[in-house]
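Please read the structure below before turning to the comments.
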Amino acid sequence: VIVEGEAEVRFRDRVLGRIRAGEACGEMALVENRLKRSASVVLLQESRGIEMSMARLGPVLETHPHLSHAILYNLARGLSEKLRATRGQD
């Protein structure tokens, strides 16, 4: 999650989008629990962010199950929005 700053998401030589403060990247890697990335994130300015992993997130969800719904809903919504954007759909 970008806390402060801005970044571009790139695949090979193509810019797929921008990420600004409050937005997330790396959802596919989080869901699939993989180290291999499907795209690169390049900072456009000095930025701060929060890194999440299932190793860190899992215990939080177990300890606070009421957060699970909100986190998973926002994760799915974000992935859906990004998929629509790559297909040129609103």
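In this chain, residues are counted from 1 in sequence order. All figures in this text were calculated on a predicted structure; none of them were measured in a lab.
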Please collect all side-chain hydrogen bond (donor to acceptor under 3.5 Å, both in side chains) contacts where either partner lies in residues 2-12, sequence neighbours excluded, each pair once.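 For residues 2-12: E6-R18, E6-R20, E8-R10.
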Applying side-chain hydrogen bond (donor to acceptor under 3.5 Å, both in side chains), which residue pairs with at least one partner in residues 43-52 are found, sequence neighbours left out?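 Passing the test, one end in residues 43-52: no pairs.
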Please, which pairs that meet ring pair (Phe, Tyr, Trp, His ring centres under 6.0 Å) have at least one residue in residues 11-56, sequence neighbours excluded?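 Every pair satisfying ring pair (Phe, Tyr, Trp, His ring centres under 6.0 Å) with a residue in residues 11-56: there are none.
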Cluster link V1 to L57, ILVMFWY, side chain under 4.5 Å: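 Yes; tracing contacts between hydrophobic side chains, which count when under 4.5 Å, links both residues.
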Can you hop from V41 to L44 via hydrophobic side chains spaced under 4.5 Å?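 No, it is not one cluster - the side chains of V41 and L44 are not joined through contacts under 4.5 Å.
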Remaining members of L43's ILVMFWY cluster at a side-chain heavy-atom cut-off under 4.5 Å?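 Reading the cluster by chain and number, L43 sits alone, since nothing else belongs.
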For E23, check side-chain hydrogen bond (donor to acceptor under 3.5 Å, both in side chains) against everything at least two apart and list the hits.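 For E23, no residue satisfies side-chain hydrogen bond (donor to acceptor under 3.5 Å, both in side chains) once neighbours in sequence are set aside.
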Does R14, at its CZ atom, have more than 12 non-hydrogen atoms belonging to other residues, nucleotides or ligands within less than 6.0 Å?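 Count not over threshold, so no.
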Considering all heavy atoms, the nearest M54-L30 contact: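 Heavy-atom minimum between the residues: CG-O, 3.3 Å.
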At their closest point, which heavy atom of A39 faces which heavy atom of L16, and how far apart are they?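 Taking A39 first and L16 second, the nearest heavy atoms are CB-CD1, 4.3 Å.
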Using a 3.5 Å cut-off and no angle test, enumerate the donor-acceptor pairs between side-chain atoms of residues 63-71 and protein atoms at least two apart in sequence or in another chain.
unit_1: T63; atom_1: OG1; unit_2: P59; atom_2: O; d: 2.8
unit_1: S68; atom_1: OG; unit_2: P65; atom_2: O; d: 3.3

